[in-house]
Amino acid sequence: MKIEIWSDVACPFCYIGERHLDLALEGFAHRDDVEIVPRSFELDPSATPGEHMPMAEALAAKFGTTPAQVEAMQRGIGEKAQAVGLEFDTRKASTTNTFDAHRLVHLAEQSGRGRELMHALMTGYFAHGLRAGDRDELVRVATEVGLDESRVREVLAGEEFADAVRADEAKARATGITGVPFFLIDGKYAVSGAQPVEAFRSALDEVWAKEHPVQVLGGDDAAVCTDDSCALPGTSTTQA
């Protein structure tokens with residue numbers, strides 16, 4: 001089973017939704033057969049690279065509300081995050097362009113650390129005031145999950161993986177994805193938003209059953225018991 005996840009570092013419901021998926025996978029019998037692929041999605045691709053604005057101010061301006069109302073909303077989201085074991089404190093958070101962060105996730109994916117880096121970036125952003133557009137801070141987080149510092153700086157200094165980020169975003173548009181998180185299972189089953197853990201469990205079980213149906217081998221004349229009889233092949237006698 002392959003699960004592609006479109007998300008952004010600056011999306012709180014992506015942070016929570018991915019945690020819900022992980023909790024659902026903990027009880028999934030076929031967890032070892034699941035491949036998870038992070039996909040890029042920028043909530044604000046027009047943001048100026050390297051510039052940061054306090055989250056409360058930026059969201060208040062975007063939604064036509066006040067910083068106090070934004071902070072109250074963030075506290076509500078924080079309660080949902082903390083309920084599933086996530087750190088959350090956006091008092092020091094700032095909005096920024098996340099394109100470079102997405103490029104580094106693609107770099108990390110080459111060594112199987114894409115999701116690990118994305119989670120580290122989200123945790124830093126939503127709990128520790130990570131300035132996700134600051135290249136030195138991106139280097140620090142990337143090296144903490146095991147990436148080579150010189151390689152990370154080389155990527156950030158150039159344009160590597162820019163095409164990969166844009167390809168993910170183009171696939172999102174082609175798929176009709178307008179918001180994140182968005183989970184695409186085996187290329188044709190979609191789960192949109194930070195659904196409850198139970199919804200993810202149900203989706204995993206349903207897709208697995210559809211894509212891996214039980215194939216009954218052998219003939220249909222073998223001895224078998226049902227709720228009301230145990231008949232031998234070729235007879236109608238019930239054996240006790």
Side-chain angles (χ1 to χ4, degrees), residues 5-23 38-105 108 113-145 156 165 169 172 177-183 191-197 200:
I5 308 175
W6 275 265
S7 61
D8 192 12
V9 174
C11 168
F13 293 114
C14 297
Y15 187 40
I16 296 170
E18 292 203 28
R19 174 60 174 165
H20 286 180
L21 173 62
D22 287 338
L23 290 173
R39 298 294 188 195
S40 304
F41 190 101
E42 296 173 90
L43 287 173
D44 188 6
S46 65
T48 303
E51 289 189 2
H52 297 77
M53 178 182 293
M55 177 183 287
E57 293 181 20
L59 295 184
K62 181 176 181 178
F63 298 126
T65 183
T66 67
Q69 289 173 312
V70 170
E71 289 172 358
M73 178 184 69
Q74 291 296 315
R75 285 194 297 272
I77 296 173
E79 290 175 2
K80 294 182 181 296
Q82 292 161 0
V84 289
L86 295 173
E87 299 177 75
F88 197 96
D89 182 356
T90 57
R91 287 175 295 179
K92 295 181 180 179
S94 57
T95 61
T96 189
N97 185 289
T98 59
F99 192 78
D100 280 342
H102 284 295
R103 291 200 296 128
L104 289 185
V105 171
R113 297 185 178 119
R115 281 206 80 208
E116 183 181 358
L117 178 56
M118 177 59 85
H119 178 69
L121 290 168
M122 287 180 173
T123 301
Y125 185 82
F126 288 110
H128 305 297
L130 171 72
R131 291 162 58 86
D134 184 296
R135 291 185 170 181
D136 286 334
E137 292 196 34
L138 290 176
V139 169
R140 175 180 57 78
V141 176
T143 54
E144 285 176 355
V145 302
L156 290 174
V165 174
E169 294 175 336
I177 300 170
T178 58
V180 288
F182 190 92
F183 306 81
V191 177
S192 179
Q195 297 290 336
V197 176
F200 280 112

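Checked by atom type and distance alone, the side chain of Arg19 never pairs as donor or acceptor with a backbone atom of Leu86 at under 3.5 Å. Under a 3.5 Å cut-off, the side chain of His52 and the backbone N or O of Thr96 do not form any donor-acceptor pair.
Within the 4.5 Å cutoff, no side-chain heavy atoms of Thr98 are placed close to those of Phe41. Looking only at side-chain heavy atoms (C-beta outward), Val141 and Glu137 stay at 4.5 Å or farther from each other. Side-chain contact between Leu59 and Glu71 is absent, with no heavy-atom pair separated by less than 4.5 Å. Taking the side chain as every heavy atom from C-beta outward, Glu169 and Pro45 never approach each other to under 4.5 Å. Considering only heavy atoms from C-beta on, Tyr15 comes within 4.5 Å of Thr123 through its side chain. Counting only heavy atoms from C-beta outward, the side chains of Ile5 and Arg115 approach each other to under 4.5 Å. Counting heavy atoms from C-beta on, the side chains of Glu57 and Thr95 never come closer than 4.5 Å. A 4.5 Å side-chain heavy-atom check between Asn97 and Glu42 finds at least one atom pair inside the cut-off.
Scanning all heavy atoms of the two residues, the minimum distance from Ala101 to Ala132 falls at CB-O, 4.3 Å. In terms of heavy atoms, Pro12 sits closest to Ile77 at CB-CG2, 3.8 Å. Closest heavy-atom contact between Leu117 and Ala142: CD1-CA, 3.9 Å.
For Glu79 and Arg75, the salt-bridge test fails: no basic side-chain N is under 4.0 Å from an acidic carboxylate O.
For the atom pair CD of Gln69 and CZ of Phe63, the computed distance is 12.5 Å after rounding to the nearest 0.5 Å. Summarising the geometry, atom CG belonging to Leu23 is positioned 12.0 Å from atom CD belonging to Glu18; distances are rounded to the nearest 0.5 Å.
Aromatic ring pairs are classed by plane angle as parallel below 30°, tilted from 30° to 60° and perpendicular above 60°; the pair Phe88 and Phe126 is parallel.
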In sequence, state the C-alpha distance, the side-chain angles, and the governing distance for Cys14 and Met118, and then conclude on side chain to side chain contact (heavy atoms under 4.5 Å, CB included).
-> CA-CA 10 Å; Cys14 297; Met118 177 59 85; over 6 Å; no
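Screening Val9, Leu138, Val105 against Asp100 for a side chain to side chain contact (heavy atoms under 4.5 Å, CB included) leaves a single residue, Leu138. When each of Met53, Met55, Arg131 is checked for a side chain to side chain contact (heavy atoms under 4.5 Å, CB included) with Ser94, only Arg131 meets the rule.
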